[in-house]
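Encoded as structure tokens, the structure appears first; notes follow it.
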2 protein chains.
Amino acid sequence: MPERKPRQDAARNRKAVLAAADDLFARSDSPEEVTMADIAAAAGVGKGTLFRAFGDRAGLLRALYEARLEPVREAVETGPPPLGPATPPHQRVPALLDAVLCFKLDNRRLALALEEDGSGSPYQAEHYTRWHRLLRSVLEQIPGLTDSDYLAHALLAATRADLVEHLAGRERLPRDTMRAHLAHLTARVLGSGPLTAPATEN
Amino acid sequence: MPERKPRQDAARNRKAVLAAADDLFARSDSPEEVTMADIAAAAGVGKGTLFRAFGDRAGLLRALYEARLEPVREAVETGPPPLGPATPPHQRVPALLDAVLCFKLDNRRLALALEEDGSGSPYQAEHYTRWHRLLRSVLEQIPGLTDSDYLAHALLAATRADLVEHLAGRERLPRDTMRAHLAHLTARVLGSGPLTAPATEN
DNA sequence: CGACGATACGGACCCCGGGTCCGGATTGCA
DNA sequence: TGCAATCCGGACCCGGGGTCCGTATCGTCG
């Protein structure tokens with residue numbers, strides 16, 4: 001319960017590590033070639049320090065991720081439309097997905113590292129469950145959708161880090177093309193198709 | 001000149017390893033807790049033998065996967081509808097996806113192992129590119145779809161091993177429910193939506 | 001300002017798993 | 001049966017995540 005304040009050098013080192021790791025991941029082609037020892041070295045710090053500060057590799061990744069995600073999270077939770085809560089569902093869903101996609105595009109390596117190294121399923125990571133819960137709850141507000149839970153998973157799956165990396169990296173697909181494709185997909189999924197009869201606006 | 005026939009004990013050991021690995025993966029909760037040494041031991045064989053036969057871990061996984069996949073592949077390539085080539089596209093797409101899903105449900109651990117351990121992106125694995133190419137080519141035959149390539153990726157993403165594992169395993173979602181959801185999603189995506197095509201691309 | 005307890009530092013060290021190597025056993029062909 | 005090609009297998013290496021503890025640093029109190 002007591003928030004004991006850390007020593008100053010501890011805080012400084014923590015930042016140094018974060019910065020070094022951020023940089024190393026950004027440069028590296030593949031996250032798995034960035035080792036903990038490398039990060040420690042780049043931060044001018046011992047491995048012990050690094051592990052004391054973050055617990056383990058996944059912890060460090062999470063910390064980095066969380067930091068980068070902060071602005072987006074805020075825009076989603078308390079921001080103006082089209083991301084904020086005041087947006088009508090059928091408009092917010094594509095906005096949310098676009099935000100996720102853009103985030104992953106801007107943080108490819110990091111997202112990749114977190115997903116493929118995050119100690120088990122990405123689906124147990126709390127940041128994933130947050131996105132999923134949110135997206136599902138928004139989907140649920142759209143009439144005519146029956147399986148919002150699965151739909152949320154499926155839509156998020158289209159923004160997975162390794163897929164994004166593959167398309168944007170290996171296949172040089174331009175950012176906006178990809179966004180358009182995702183938007184298109186989303187539209188189709190939500191879309192007023194003849195097979196269900198939602199379509200009505202409110 | 002290649003095709004040098006292997007010695008009999010070699011062949012026998014190869015099968016033993018395959019069987020042992022198959023079994024071990026099937027039992028284990030998480031594939032990463034199955035070690036190469038374990039497999040060798042279970043097969044009553046030395047590690048050297050194992051690595052000589054399959055090159056590396058990924059090679060073994062691929063071999064196992066390929067073997068399991070064989071019947072499905074045949075059904076798809078030369079079988080009767082709804083999987084075979086003679087099926088009309090808008091009917092074949094859901095059939096293909098359902099087949100993939102079922103396969104992953106029946107081989108959860110194995111698929112999981114292959115995806116999360118397959119030496120880099122799953123998107124470079126040739127078995128993925130095969131599914132993708134096929135699905136894309138079928139999608140292309142459906143009028144009104146513009147970005148078949150991305151669509152194929154997105155739809156396949158909904159059947160990813162770790163997602164399947166999460167839903168079927170952790171959340172105890174019944175097999176048929178999941179299939180229904182996927183079918184529903186597919187229908188929505190293909191849905192004869194006259195909502196026009198915004199994305200300009202080539 | 002000096003000193004002392006609490007905290008952090010850091011790199012040597014451990015563990016574990018994938019992958020290699022080579023002396024010895026097997027196979028198969030004549 | 002003899003011989004060469006092939007294969008066997010477990011001891012061994014290496015690289016990376018994670019730990020430990022003697023030492024340096026902090027910051028607080030007298």
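For clarity, every value in this text was computed on a predicted model and none was experimentally measured. The sequence lines fix the lettering, A, B, ..., with proteins before strands; numbering per chain opens at 1.
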Counting only heavy atoms not in B/Glu77 (residues, nucleotides, ligands), do more than 12 fall under 6.0 Å from its CD?
yes

Are there more than 12 heavy atoms of other residues, nucleotides or ligands under 6.0 Å from atom CD of A/Gln8?
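Open.
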
Close approaches to DNA chain D from [range], in residue order (heavy atom, under 4.0 Å):
range	answer
residues 54-65 of chain B	none
residues 17-41 of chain A	A/Thr35, A/Met36
residues 9-16 of chain B	B/Asp9, B/Ala10, B/Asn13

Rounded to whole angstrom units, what separation is found between the CG atom of A/Asp117 and the C1' atom of D/dG18?
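Between C1' of D/dG18 and CG of A/Asp117: 13 Å.
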
What is the distance from CZ of A/Arg52 to C1' of D/dT19, rounded to the nearest Å?
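Interatomic distance, CZ of A/Arg52 to C1' of D/dT19: 11 Å.
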
Would you compute the distance between atom CZ of B/Arg175 and atom SG of B/Cys102 and round it to the nearest 0.5 angstrom?
4.5 Å

Is it the case that B/His153 and B/Tyr128 place a side-chain donor and acceptor less than 3.5 Å from each other?
yes

Counting only side-chain nitrogens and oxygens, does A/Thr49 get under 4.0 Å of the OP1 or OP2 atom of C/dA8?
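So the side chain of A/Thr49 is outside the cut-off, no N or O lying under 4.0 Å from OP1 or OP2 of C/dA8.
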
Please tell me if B/Arg7 has a side-chain N or O lying less than 4.0 Å from either OP1 or OP2 of D/dA5.
no

Side-chain donor/acceptor of [X] to backbone N/O of [Y], under 3.5 Å:
X	Y	answer
B/Asp38	B/Thr35	yes
B/Asp56	B/Gly59	yes
A/Arg92	A/Leu83	yes
B/Arg179	B/Leu101	no

Applying ring pair (Phe, Tyr, Trp, His ring centres under 6.0 Å), can you list everything that pairs with B/His181, at least two apart in sequence or on another chain?
A/Tyr150

B/Phe103: which residues meet the ring pair (Phe, Tyr, Trp, His ring centres under 6.0 Å) condition with it, sequence neighbours left out?
B/Tyr65

When you compare the side chain of A/Glu74 with that of A/Thr78, does any pair of heavy atoms fall below 4.5 Å?
yes

Between D/dG9, C/dT20, D/dG18, spot the one nearest the side chain of A/Phe51, thanks.
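My answer, after comparing the listed nucleotides, is D/dG18.
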
Quick check for you: among C/dT20, D/dG18, D/dG27, whose closest atom lies nearest to any side-chain atom of A/Lys47?
D/dG18

Go through the steps for B/Arg130 and B/Glu66 under the test salt bridge (charged side-chain N to carboxylate O under 4.0 Å, His left out), then give the verdict.
CA-CA 12 Å; B/Arg130 261 216 311 266; B/Glu66 223 63 54; 3.1 Å; yes

Minimum heavy-atom separation for B/Asp149 to A/Glu171, with atom names?
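Reported closest heavy-atom pair: OD1-OE1, 4.3 Å.
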
Output a table of nitrogen or oxygen pairs between the protein and nucleotides 28-30 of chain D separated by less than 3.5 Å.
none

